[in-house]
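Step one of this worksheet: look at the structure below.
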Number of protein chains: 2
Amino acid sequence: MKALHFDGQKLALVEKPTPRPKSGEVLIRVRYAGICNTDLEILEGYMGFTGTIGHEFVGEVTQAPDVNLLGKTVVGEINISCGRCEFCLQGLGRHCPNRTVLGILGKDGAMAEYLTLPLSNVHVVPPGVSELQAVFTEPLAAACEITEQLEILSDYRILVIGDGKLAQLVARVLALRNDRVLVVGKHPSKLDLLKKVGIATLTRSEFGESRQQFDLVVEATGSWDGWAMALQAVKPRGFVVLKSTYVGEQPFNPAPLVINEITMVGSRCGPFTPALHLLRKQAVDPRDLISAVFPLEAWEEAFNRAQEADSLKVLLEF
Amino acid sequence: MKALHFDGQKLALVEKPTPRPKSGEVLIRVRYAGICNTDLEILEGYMGFTGTIGHEFVGEVTQAPDVNLLGKTVVGEINISCGRCEFCLQGLGRHCPNRTVLGILGKDGAMAEYLTLPLSNVHVVPPGVSELQAVFTEPLAAACEITEQLEILSDYRILVIGDGKLAQLVARVLALRNDRVLVVGKHPSKLDLLKKVGIATLTRSEFGESRQQFDLVVEATGSWDGWAMALQAVKPRGFVVLKSTYVGEQPFNPAPLVINEITMVGSRCGPFTPALHLLRKQAVDPRDLISAVFPLEAWEEAFNRAQEADSLKVLLEF
């Protein structure tokens with residue numbers, strides 16, 4: 001089969017043997033795979049990953065321990081946990097220390113014609129949800145993770161910093177629970193997409209230097225100026241949710257967190273069930289975030305497009 | 001009256017006019033005042049405070065708008081809020097941006113024969129609670145603040161880092177809700193006090209390099225090695241409560257918070273009602289934390305004693 005393989009130095013389209021599902025695993029023929037910022041970071045050395053990259057996908061089941069799954073359109077949770085350790089037994093499989101992660105850690109990923117996943121990772125896409133919607137399940141689940149971690153009160157003032165792919169989904173998920181979501185970003189064209197779905201936006205310069213105005217701030221830029229802005233914008237006793245990782249280190253003194261009793265919440269992957277529910281209910285329709293769809297063979301063009309400043313989601317079609 | 005005045009350079013016992021209570025204020029004759037680490041930090045320039053220092057006290061009401069208060073033994077909440085701003089109207093008076101803070105910010109403090117506080121800050125000490133217990137209300141309230149901010153599950157593994165005054169109270173408060181509190185500290189004599197009340201302890205060297213073992217870690221040392229230890233010891237999806245402020249800055253990358261979905265909770269002053277409740281129930285008896293009691297005139301000796309490594313609470317008696 002064809003696969004986009006990263007050897008630690010560069011990415012290339014190669015021929016690999018089609019993976020053989022192990023006991024309890026499903027073989028999935030990939031239909032679409034999304035390019036995520038994590039993929040771009042992996043190409044810069046993040047996680048030291050080598051193998052087939054990609055972790056956002058929708059596909060069709062071609063082999064399965066459960067015959068009812070055959071031919072079904074599915075998506076898959078990306079953390080493959082051991083099921084036996086303390087974390088797994090507490091329902092924290094996404095934090096299993098023995099886990100592999102599809103296309104990120106010790107497990108060939110989704111930018112290939114086929115992938116395997118344990119049966120328990122696989123979710124059938126509900127009727128009425130298209131493949132181009134379903135391919136957003138993984139990042140939408142990451143956005144939903146915030147609502148799993150925190151109660152989102154309707155009278156909160158909420159700020160989302162960033163207008164990229166994840167910020168867009170976060171804002172849409174939070175706006176389902178709260179009318180006072182404001183997104184601050186750098187890209188007017190991306191902010192326009194949010195306006196079209198009824199979410200208030202400001203550019204950075206329009207926003208200025210807001211201090212202690214927001215009950216909940218979601219930092220989804222992964223930039224240190226986003227981090228600084230979040231700490232400045234949050235109210236005493238408020239919450240800062242960190243949805244992105246950062247490069248390098250910054251000098252930091254947590255005293256303002258203590259004095260103002262800020263709660264800072266790290267937030268990563270989320271559960272697929274609420275994300276699929278939102279897609280099924282058409283409560284979030286992420287298709288306007290698709291900047292381009294390329295065939296697998298045009299992967300170089302796709303990755304270039306994904307790195308352009310005005311890009312949102314770029315998909316590979318198989 | 002006599003007052004311990006800090007002029008920005010040094011502390012001195014001076015004569016000042018007895019304060020005159022404004023409308024709605026109570027005049028309190030101080031009986032005991034406790035020396036807190038914040039007081040020691042103020043003498044190093046923290047908060048840029050000048051005036052009478054001290055914010056932990058117990059005293060007797062000598063003038064009050066409510067005659068029922070006259071002669072009563074009282075303690076007092078230290079944040080004096082405006083009562084009109086957005087924070088005050090949300091019940092967050094302890095974070096009022098217009099607040100003064102007794103002996104810390106814009107308001108003469110408790111290390112004087114008399115102090116004034118608004119009536120709404122004053123709490124009558126319940127029957128059965130001695131003055132030497134009641135003088136701990138303020139730091140005990142700071143310990144109780146954690147249980148106001150977080151639900152303390154009985155099956156959590158809890159680590160308290162530090163064996164000082166605040167750590168001692170935090171451990172005792174948490175141990176009322178959880179049998180699995182472990183305190184790690186540097187001072188065997190202080191750890192012994194915890195053992196005597198049935199709380200497990202380890203020295204730093206006994207504890208070693210625990211990684212990802214605790215659901216809840218309370219950092220109460222204010223030292224950067226305590227901070228590093230807390231981040232290392234907390235489980236994925238766990239909580240780190242910061243009870244102390246830090247000097248200077250450290251290089252920091254929050255990526256591990258994101259990847260492991262850690263929640264970091266800044267925690268400062270707390271409500272007096274639950275603290276007085278614990279004292280009344282004798283659920284926490286802090287008197288074993290008293291290292292020494294000095295008359296006001298011996299304040300220099302008292303401050304020297306408070307800075308010794310084996311000291312816990314040092315009190316001034318008026």
Side-chain angles (χ1 to χ4, degrees), chain A residues 46-47 86-87 90-97 99 101 105 142 145-146 148-150 155 157 211-213 215 219 222 224 227 230-231 234-270, chain B residues 46-47 86-87 90-97 99 101 105 142 145-146 148-150 155 157 211-213 215 219 222 224 227 230-231 234-270:
Chain A
Y46 178 65
M47 299 295 287
E86 183 192 6
F87 295 113
Q90 290 176 12
L92 295 176
R94 290 197 297 276
H95 293 284
C96 169
R99 74 183 179 277
V101 187
L105 177 65
E145 177 71 348
I146 299 172
E148 301 284 311
Q149 293 176 287
L150 290 176
D155 66 348
R157 284 193 68 190
R211 287 180 186 277
Q212 302 193 345
Q213 292 294 308
D215 301 281
E219 205 300 288
W224 289 109
W227 156 267
L231 294 180
V234 67
K235 268 187 194 171
R237 276 281 190 134
F239 298 85
V240 173
V241 174
L242 302 176
K243 278 305 307 181
S244 303
T245 55
Y246 301 82
V247 176
E249 294 183 318
Q250 282 282 102
F252 178 60
N253 184 323
L257 298 189
V258 178
I259 294 167
N260 295 320
E261 296 193 308
I262 306 304
T263 295
M264 188 175 270
V265 182
S267 181
R268 200 182 48 138
C269 299
Chain B
Y46 178 65
M47 299 296 288
E86 183 192 5
F87 296 113
Q90 291 175 13
L92 294 176
R94 291 197 297 275
H95 293 283
C96 168
R99 74 185 179 275
V101 187
L105 176 67
E145 177 71 347
I146 298 172
E148 301 284 312
Q149 293 176 287
L150 290 177
D155 66 348
R157 285 193 67 190
R211 287 182 184 275
Q212 302 196 344
Q213 293 293 310
D215 301 281
E219 206 301 288
W224 288 111
W227 156 268
L231 293 181
V234 68
K235 269 188 194 171
R237 277 282 190 131
F239 298 85
V240 173
V241 174
L242 303 176
K243 278 307 305 182
S244 303
T245 55
Y246 301 81
V247 176
E249 293 182 321
Q250 282 283 102
F252 179 58
N253 182 325
L257 298 189
V258 178
I259 294 168
N260 295 321
E261 297 194 305
I262 306 303
T263 295
M264 188 175 269
V265 182
S267 180
R268 202 182 48 143
C269 300

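Just so we're on the same page: letters track the sequence lines, and every chain starts at 1. Any value given below was found using the heavy atoms of this structure, including those in side chains, with hydrogens, waters and symmetry copies removed.
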Arg237(B) side chain reached by Arg94(A) side chain, heavy atoms, under 4.5 Å:
yes
Do you know which of Pro97(A), Pro256(A), Gly248(A) has the most heavy-atom pairs with chain B at a distance under 4.5 angstrom?
Gly248(A)
Leading residue by heavy atom contact count with chain B [cutoff under 4.5 Å; candidates Val241(A), Ile259(A), Thr245(A)]
Ile259(A)
Can you sort out the partners of Phe252(B) under ring-ring contact (aromatic ring centres under 6.0 Å, His included), two or more places apart, ordered by chain and number?
Phe252(A), Trp227(B)
Could you check which of Gln250(A), Arg268(A), Glu261(A) has the highest count of heavy-atom pairs closer than 4.5 Å to chain B?
Glu261(A)
Contact between Gln149(B) and Phe239(B) at the side-chain level, heavy atoms closer than 4.5 Å - yes or no?
no
Side chain, backbone, both or neither: which part of Val247(B) has a non-hydrogen atom closer than 4.5 Å to chain A?
backbone
Taking Ile262(A), Leu257(A), Val240(A), Val258(A) one by one, which has the highest count of heavy-atom pairs under 4.5 Å against chain B?
Val258(A)
Top residue by heavy-atom pair count (under 4.5 Å) with chain A, among Asn260(B), Asn253(B), Leu92(B)?
Asn253(B)
Residues Asp215(A) and Lys235(A) bridged, charged N to O under 4.0 Å
yes
Going by atom types alone, do Glu145(A) and Ser267(A) pair a side-chain donor with an acceptor below 3.5 Å?
no
Side chain / backbone / both / neither for Phe87(A) at chain B, heavy atoms under 4.5 Å
side chain
Test of understanding: with side chain to side chain contact (heavy atoms under 4.5 Å, CB included), list the residues that count as partners of Arg211(B), not counting sequence neighbours.
Glu209(B), Gln232(B)
Can you tell me which portion of Leu242(A) sits under 4.5 Å from chain B's heavy atoms? Options are side chain, backbone, both or neither.
both
